[in-house]
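To keep things clear, I will list the structure first and then write my remarks on it.
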Amino acid sequence: MRSLYKIILFFFVLFTSVKQYAQHQSKMEVAVNLELKTLNVKQDITFYNTSNDSLDTIVLNDWNNAFSDKNTPLAKRFSDEFYRGFHVAKEEERGSTTILNLSDSNEIPFEWERPSKNPDFIIVKLKQKLAPNEKIELHLDYISKIPSDKFTHYGFDQNGGMNLKNWFLSPARYEDHQFTKYNNFNLDDIANAATDYKIAIKIPNNYSIATDLNLAATDLTNPQWSVYSYSGDNRTDFNIVIEKQNNFESYTNGSIEILSNLKTKKLDNIQKAIIINRVVTFASAFIGKYPHEKITISQADYDRNPFYGLNQLPSFISPFSDEFIFEITFLKTYLHNYLKNSLRIDPRKDSWVHDGIQIYTMMKYMEENHLDQKMLGSLSNMKIFKSYNIANLTFNEQYSYYYMLMARKNLDQPLGDPKNTLIKFNEQIASKYRAGLSLSYLDDYLNHDIVPESIQEFYDLNKKQQADRSDFEKILTKKSPKDINWFFKTIIDSRDIIDYKFSHVSRTKDSVQFSIKNKTGIYAPIPVYGIKKNEVVFKNWIEPKNTDTVYTFERKNADKIVLNYDNEVPEYNLRNNWKSLKSLAITNRPIKFNFAKDLEDPYYNQILYIPTLTYNYYDGFTPGIRFHNKTILDKPFTFDINPAYSIKAGTLSGSSAFSLNHYYRNSTFYNVRYSISQNYYHYAPDATYLRLNPMVQLRIREENFRDNRKQLILLRQVIVNREASQFITDNSKPNYSVFNARYVNTKTELVDHFNFMSDVQFSGDFGKISGEVEYRRLLENNHKLNLRLFAGSFIYNTTNSDYFSFGLDRPTDYLFDYNFLGRSESTGIFSQQYVIAEGGFKSKIEPRYANQWMATLNASYALWNWVEVYGDLGFVKNKHLKSDFAYDSGVRLNLVPDYFELYFPVYSNNGWEISQPKYSEKIRFVVTFAPRTLVTLFTRKWF
């Protein structure tokens, strides 16, 4: 078998070696075992030292080995993003690389190591230094065990095929006197050195191969297997898909062949060919000629980086045509692969260059081919949506709002930051879109020719040599007639925000004069528009470096002047960007009501409304209507007013909240929120309560935005007025006020969760202090361990009831923080509602309250999936009495942690509860109906 491979490779190399190689060469013989999901690889690497350094080691990327166990950097990345599938995967679903031999041309083994903390590359130690312009041969034999495609969309699939990615060993990129050593973080940004590949791959006869390499030879003589030989020059990566039934269709456009298996059921091949030809032709003309003969565009490629928006809706409710959805799908995926296979930049460190060119090209394509396409597609034409600002946005305008979504949350990151440091939403969406917007901004400022020409020159440079962002910047700077250092300093390498507003505006019949106020002190050019009846009558770029500059422009009958009208500049706030010329007096924005949600409209004060329905035992179902100003983008000031009617009680009820946010952009102390809220509901069948809650929250985060650790300092005064009730006989004061200071430090991910909270409360009749530590761990055996420690003590206590005491199995909730369905119930189903607070016990054990101190430990351990056993123990101390020791145990059904859980007591101080009468009344439950709370289950991986 080995001799046949060598004969094929000999003739293959003989007829394809038509140039003097100046870069690495890699020749591989690959035997595919689809049953074992392995590739047996014999590889010969000729490594050329093209640097000016003498090398004593060579680094080979081995990203397939990142899937080898639960403790690799990739596994930790999955945990950070709350992806459970990899941790609980079976051993046969993981990948690995087993190196059998690594030797030189004389078959003398090299000494090599795989760093324990970096299992996705190996370091080969050379016997003697490799001088510049010298070469060395490495001969390798290894087995690549391919992982399941459920982790990253690449790997073996359920149909017996394989979509291969990063499965082979390759020399790492060498730059700045060192090899680029990157871990596999599932970012598809491996930093391989450009290499000429020749591969002979053996597969069963009933399987086929789709690849972007060039087919050079085939051997179909064996009745059981076939050998295909491929080549690809100047490649940093390539794709190989092995499947029984070839799902890839071939399209040819001039000198390039496109292989695609993008899913679409309603388009025939002719329709798809027209769209593909239009995209390929545009990309070639706008960016440059693709340097390779073939390119693959797979569904897996798109699924990893889809176009986020309404085009992801099912086709039967999609507001876009099938042709447009296929076109935008193909456009984004094609440009991504087109640039990834062509640009020889560092794909992690310089990712903004790739993303910027991709999104900027998409914007230009849409301007040329779908100028009038709206963000909401056909929904924009429906009368019901006409009043919504989001319905009036063009398709290209949506990019800035995705970026602003993060900027308003103070979560945006510099475009120049390495890709692996970005939080998921920025890496997948916001930073990509802002990179494209930034090039579009520069393009508009420099008059629509400098940026496209610079992209083409940079693209051509990458065909000749390894490049980086500095090469792109040099080309842009060289071609620009203006100083654009501000662009790289402010737009690319910082998260400084831009915010201008008009000041001192005056006008005559023929002219308009104004000055500009820079609210953030960050310089950037900005366009000024003259608008008459929603039509642009003039546009001029200004460079407001001095605050006292007065600008004068011909009015041209404009009735309004607007800064950044088309949102070319990535500006933080558009609401202060316009001034009416009809009247220079302060103009109040008109109020506009919209149902549910809308994007921020800078020309209106928006009030959004939506019906609400809440429930508790005393008010019954409580319908209401919520009025608020919380648009999709966060605002500094928000209000939320929710009047309602309690059907059971027959009275008015409701809530309201007003808050003011202040963000600190360049500090770990990043947010202060001032708020006051009010709630008015029934707490007993015949009595209502009113709670006022003025509060200040101070939020702290780590310098690394990806770090899930968050800290909170909370200061508030809770004021409660309760009506007297004949059902409540605890002798507690009906009206009271409590000062509360709280500190929370939490770090959560899939494998580890840690939370610490300390709490201090002072009122006229009591003062107390408490602390809580919670730890969760997903163990190597996929079982979960939960531990929680609580301790609390009164500083002073002159009350004559347990209303303010620590609760062993259920807090009295005198601050009205928890969403109890029947907060005053002592019997019945609502009394069984459980909140994980204070003592944390599940069984009702006497004494249930502590008016002096309490210390408890809660623990649970998963036996299988969501079935757990739990146990609690602790001490309860009341004044003038000895401390009581309490314990309980049982079974916990942890269906959705913290949101829906059931507790079945088994044994406690009360004895064998499982055998006692009325056992159903001892079962406790956790339930959360708040949609906002449930949504965090799905959004936490993004932010």
Side-chain angles (χ1 to χ4, degrees), residues 616-619 646 649 651-658 674-697 713-743 757-772 790 792-826 830-831 833 835 837-839 847-854 876-879:
N616 69 61
Y617 182 54
Y618 312 114
D619 289 293
S646 303
T651 61
L652 293 176
S653 60
S655 63
S656 65
F658 304 86
Y674 309 91
S675 65
I676 183 169
S677 62
Q678 168 269 330
N679 302 82
Y680 181 74
Y681 292 101
H682 282 76
Y683 75 98
D686 61 343
T688 61
Y689 74 91
L690 171 66
R691 183 185 81 150
L692 295 178
N693 185 21
M695 179 166 54
V696 179
Q697 298 177 68
I713 299 172
L714 180 150
L715 305 171
R716 62 176 176 167
Q717 188 77 30
V718 180
I719 304 165
V720 177
N721 289 333
R722 295 184 298 161
E723 290 182 343
S725 170
Q726 63 178 352
F727 296 95
I728 307 299
T729 59
D730 59 6
N731 296 320
S732 61
K733 284 187 176 181
N735 304 325
Y736 52 88
S737 176
V738 180
F739 171 77
N740 180 209
R742 183 175 296 174
Y743 170 74
M757 183 184 74
S758 60
D759 188 272
V760 178
Q761 298 177 22
F762 291 102
S763 185
D765 294 330
F766 73 89
K768 59 165 59 173
I769 185 170
S770 64
E772 174 184 318
F790 172 82
S793 175
F794 278 89
I795 302 171
Y796 60 90
N797 184 5
T798 60
T799 62
N800 57 0
S801 76
D802 279 325
Y803 184 66
F804 299 103
S805 298
F806 295 110
L808 183 63
D809 65 89
R810 171 165 157 152
T812 60
D813 193 28
Y814 52 87
L815 297 181
F816 290 86
D817 285 335
Y818 304 112
N819 187 25
F820 280 118
L821 298 176
R823 62 178 53 253
S824 299
E825 297 304 293
S826 57
F830 294 116
S831 70
Q833 184 178 358
V835 171
E838 297 184 352
R848 295 182 64 185
Y849 302 100
N851 61 22
Q852 189 169 355
W853 60 263
M854 176 186 290
V876 178
K877 177 68 171 68
N878 283 286
K879 290 185 293 185

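The basis for the numbers below is simple: all heavy atoms, side chains too, and nothing from hydrogens, waters or symmetry mates.
For the residue pair K879 and N797, the shortest heavy atom distance occurs at NZ-O, 2.9 Å. A pairwise comparison of heavy atoms in H682 and D619 identifies ND1-OD1, 2.7 Å as the closest pair. Nearest heavy-atom pair across Y618 and P685 is CD2-N, 3.5 Å. The shortest non-hydrogen separation linking I728 to A684 is CG1-CB, 4.3 Å. Nearest approach of N878 to A850, heavy atoms of both residues: OD1-CA, 3.3 Å.
In Y803, the OH atom is crowded: over 12 heavy atoms of neighbouring residues, nucleotides or ligands sit closer than 6.0 Å. The local environment of NZ in K733 is sparse, with at most 12 non-hydrogen atoms from other residues, nucleotides or ligands closer than 6.0 Å.
Geometric assessment of R691 against the ring of Y683 yields a negative cation-pi assignment under the 6.0 Å and 45° thresholds. For the pair K768 and F806, the cation-pi criterion (under 6.0 Å, within 45° of the ring axis) is fulfilled.
Within the model, atoms CZ of F820 and CG of D813 stand 5.5 Å from one another, a figure rounded to the nearest 0.5 Å. Expressed to the nearest 0.5 Å, how far CZ of F816 lies from CG of N693 amounts to 12.0 Å. The CG atom of D809 sits 10.5 Å away from atom CD of E838, with the distance rounded to the nearest 0.5 Å. The OG atom of S824 lies 12.5 Å from the CZ atom of F830; values are rounded to the nearest 0.5 Å. Considering OG of S725 and OH of Y689, their distance stands at 14.5 Å, rounded to 0.5 Å. Atom-to-atom distance recorded for R716:CZ and Q697:CD is 9.0 Å, nearest 0.5 angstrom.
The shortest distance between side-chain heavy atoms of Q761 and F766 falls below 4.5 Å.
Between the N740 side chain and the L715 main chain, no donor and acceptor come within less than 3.5 Å of each other. Not a single donor-acceptor pair under 3.5 Å links the side chain of R823 to the backbone N or O of N616. Looking at E723, its side chain does come within 3.5 Å of a backbone N or O of T688 through a donor-acceptor pair.
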Criterion side-chain contact (heavy atoms from CB on, under 4.5 Å) on Q833 and R810, from CA distance to verdict: CA-CA 9 Å; Q833 184 178 358; R810 171 165 157 152; 4.0 Å; yes
Residues E825, F727; criterion side-chain contact (heavy atoms from CB on, under 4.5 Å); working and verdict: CA-CA 10 Å; E825 297 304 293; F727 296 95; over 6 Å; no
Intermediate values then yes/no, side-chain contact (heavy atoms from CB on, under 4.5 Å), R722 and Y814: CA-CA 11 Å; R722 295 184 298 161; Y814 52 87; over 6 Å; no
Verdict with supporting geometry, F794 and Q852, side-chain contact (heavy atoms from CB on, under 4.5 Å): CA-CA 5 Å; F794 278 89; Q852 189 169 355; 5.6 Å; no
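For the 3.5 Å distance criterion, the side chains of S805 and N851 fail to qualify, holding no donor opposite an acceptor. Residues D765 and S763 bring no donor and acceptor atom of their side chains to less than 3.5 Å of each other.
Taking the centre of each ring, F804 and Y736 come in below the 6.0 Å mark.
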